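Note that the coordinates shown come from a computational prediction; the quantities given were computed from them, not determined experimentally.
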Number of protein chains: 2
Amino acid sequence: MDKELQAQIEAFKSYRIDKSPLEIIEHYRKDLQAIQDTLDIAAGRWKMQIIAILCNGEFRYSELQKGLPKISPRMLSKELKILEQNELVIRKVYDTIPVKVTYRLTDYGYTLVPLILELTNWGKMHRERIMKKEQ
Amino acid sequence: MDKELQAQIEAFKSYRIDKSPLEIIEHYRKDLQAIQDTLDIAAGRWKMQIIAILCNGEFRYSELQKGLPKISPRMLSKELKILEQNELVIRKVYDTIPVKVTYRLTDYGYTLVPLILELTNWGKMHRERIMKKEQ
DNA sequence: CTGAATCCGCTCGGATACTG
DNA sequence: CAGTATCCGAGCGGATTCAG
């Protein structure tokens with residue numbers, strides 16, 4: 001695992017050897033654009049967390065609220081609507097009384113799993129690092 | 001690669017089988033916190049892109065500006081300062097005339113490489129998908 | 001060349017109250 | 001239960017100008 005990371009880093013560094021900084025930047029434009037594209041979809045404090053929950057299955061609106069205690073209903077419904085528009089989430093209404101609404105990821109939404117995992121892993125590592133420093 | 005993704009997704013789904021949504025959410029709190037932690041470090045429109053450039057080596061302030069044509073000097077220096085405070089980036093001043101300043105990642109900064117790669121990959125895939133749909 | 005200083009609009013996101 | 005409506009503050013980020 002760590003070796004893999006080393007390899008990735010070395011790949012970046014070796015890429016650089018025979019190029020000037022400006023050449024590198026030029027060849028790297030598309031990657032930056034790609035990052036920007038991802039950020040456009042996933043921006044904000046909540047979207048990634050919502051997707052992360054939904055990776056685990058189908059959840060009701062109120063269940064999501066319990067998973068994200070600090071989110072206001074306004075934000076939750078707003079974010080869900082955007083995620084639905086981007087075809088990452090499917091909203092399903094059950095015609096019962098009282099109403100029941102569930103959310104789950106589309107297949108496309110599940111393509112974000114690796115990203116979610118990286119976010120989670122790095123966050124955990126970061127927290128450990130902070131803890132150590134404080135002691 | 002795609003098989004690996006399938007395996008990851010299945011891992012999520014099978015995890016769910018014998019648990020209620022609320023149990024899942026409860027057990028999942030720490031992961032959400034981790035995601036939040038990462039977002040706190042990487043939030044905003046520019047930080048990830050700056051780190052992505054610096055993955056390729058050492059760059060001067062003006063080179064970074066060329067890599068991110070739309071960033072204002074204010075933002076660039078502000079973001080770099082925060083990244084430096086978080087020990088992701090090292091700032092180095094050369095005592096020449098005119099001054100020369102370079103930025104590069106710390107070893108800790110390089111731990112973000114996998115995340116950067118995922119952001120890039122997903123962004124590229126997403127763009128292809130959008131293109132197809134529009135035709 | 002590498003920023004710092006100032007001004008400002010906008011949108012993100014929180015709080016609260018209310019509805020079918 | 002699953003949202004909507006309304007109000008509001010903070011800060012993100014852009015534009016421009018200036019300085020060491």
Side-chain angles (χ1 to χ4, degrees), chain A residues 20-22 25 32-33 35-51 53-54 58-86 89-104, chain B residues 20-22 25 32-33 35-51 53-54 58-86 89-104:
Chain A
S20 75
L22 291 182
I25 281 176
L32 290 184
Q33 182 61 53
I35 291 175
Q36 175 88 48
D37 290 345
T38 306
L39 261 39
D40 284 346
I41 299 291
R45 186 175 167 187
W46 298 114
K47 291 195 193 65
M48 280 301 186
Q49 293 190 63
I50 293 172
I51 294 170
I53 293 180
L54 294 179
E58 195 170 61
F59 289 84
R60 303 179 61 167
Y61 185 87
S62 51
E63 290 164 354
L64 288 171
Q65 271 189 315
K66 277 165 197 148
L68 304 166
K70 291 180 185 166
I71 199 173
S72 66
R74 183 181 113 87
M75 269 299 127
L76 182 52
S77 79
K78 195 171 149 193
E79 299 287 59
L80 284 169
K81 205 171 287 177
I82 295 174
L83 292 174
E84 198 188 350
Q85 281 168 10
N86 288 329
V89 163
I90 292 177
R91 181 174 182 271
K92 197 167 162 188
V93 183
Y94 294 83
D95 217 359
T96 56
I97 296 176
V99 203
K100 176 182 169 183
V101 182
T102 64
Y103 295 87
R104 62 185 171 82
Chain B
S20 75
L22 291 183
I25 282 175
L32 291 184
Q33 182 61 53
I35 291 174
Q36 175 87 49
D37 290 344
T38 306
L39 262 39
D40 284 345
I41 298 291
R45 188 175 167 189
W46 298 114
K47 291 195 193 67
M48 281 300 186
Q49 293 190 63
I50 292 173
I51 294 169
I53 293 180
L54 294 179
E58 196 171 60
F59 289 84
R60 301 180 61 169
Y61 185 86
S62 51
E63 290 164 354
L64 287 171
Q65 271 189 317
K66 277 164 196 148
L68 303 165
K70 290 181 185 166
I71 199 173
S72 66
R74 184 182 111 87
M75 268 300 125
L76 182 52
S77 78
K78 196 171 148 193
E79 300 288 58
L80 284 169
K81 203 171 288 177
I82 296 174
L83 292 174
E84 198 189 351
Q85 280 167 10
N86 288 329
V89 164
I90 291 176
R91 181 174 183 271
K92 196 167 162 185
V93 183
Y94 294 82
D95 216 1
T96 57
I97 295 177
V99 203
K100 175 182 168 184
V101 182
T102 63
Y103 295 88
R104 61 184 173 80

When you compare the side chain of [Y] with that of [X], does any pair of heavy atoms fall below 4.5 Å?
{"X": "Q33(B)", "Y": "I35(B)", "result": "no"}
{"X": "F59(B)", "Y": "I53(B)", "result": "yes"}
{"X": "V101(B)", "Y": "K92(B)", "result": "no"}

**Complete:** Rounded to the nearest 0.5 Å, the CD1 atom of I71(A) sits from the CZ atom of R45(A) at a distance of 8.5 Å
**Residues which pass side-chain contact (heavy atoms from CB on, under 4.5 Å) with Q65(A), listed by chain and number, not counting sequence neighbours** =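 Scan of Q65(A) (side-chain contact (heavy atoms from CB on, under 4.5 Å), adjacent residues dropped) gives Y61(A), P73(A), L76(A).
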**Request:** Mind calculating the distance between CD1 (I97(A)) and C1' (dA2(D)) to the nearest angstrom?
**Result:**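 For the pair I97(A) CD1 and dA2(D) C1', the rounded distance is 14 Å.
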**Spacing of L64(A) atom CG relative to dC1(D) atom C1', expressed in whole Å** = 13 Å
**Message:** At a heavy-atom distance below 4.0 Å, which nucleotide of DNA chain C is the first touched by chain A, and which is the last?
**Reply:**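 So the contact region on DNA chain C extends dG13(C) to dA15(C).
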**Prompt:** Which atom pair, heavy atoms only, marks the closest approach of Y103(B) to L54(B)?
**Reply:**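 In terms of heavy atoms, the two residues are closest at O-CD2, 3.4 Å.
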**Item:** Least distance between heavy atoms, I25(A) atom then L64(B) atom
**Value:** CD1-N, 4.5 Å
**Request:** Rounding to 10 degrees, work out the angle separating the end axes of the helix from dC1(C)-dG20(D) to dG20(C)-dC1(D) (five pairs an end).
**Result:** 50°
**Message:** If we ignore hydrogens and angles and just use 3.5 Å, is the side chain of E63(A) paired with the main-chain N or O of R60(A) as donor and acceptor?
**Reply:**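 Yes, because the side chain of E63(A) sits within donor-acceptor range (under 3.5 Å) of the backbone of R60(A).
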**Asked** Pairs in or reaching into residues 67-83 of chain B: which pass side chain to side chain donor-acceptor pair (under 3.5 Å), with residues at least two apart or in two chains?
**Response** K47(B)-E79(B)
**Message:** Strictly under 4.0 angstrom, non-hydrogen atoms only: write out the protein contact profile of nucleotides 3-12 of chain D, one letter per nucleotide from the 5' end, B, S or -.
**Reply:** BBBB------
**Item:** Pairwise 5' ranking along DNA chain C for K100(B) and W46(A), keeping only the more 5' one
**Value:**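 Mapping each residue to its closest nucleotide by heavy atoms, the 5'-most match is K100(B).
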**Request:** Please state whether the phosphate of dA15(D), meaning OP1 or OP2, lies under 4.0 angstrom from any side-chain nitrogen or oxygen of S72(B).
**Result:** no
**Asked** Which residues pass the side chain to side chain donor-acceptor pair (under 3.5 Å) test with E84(B), sequence neighbours left out?
**Response** none
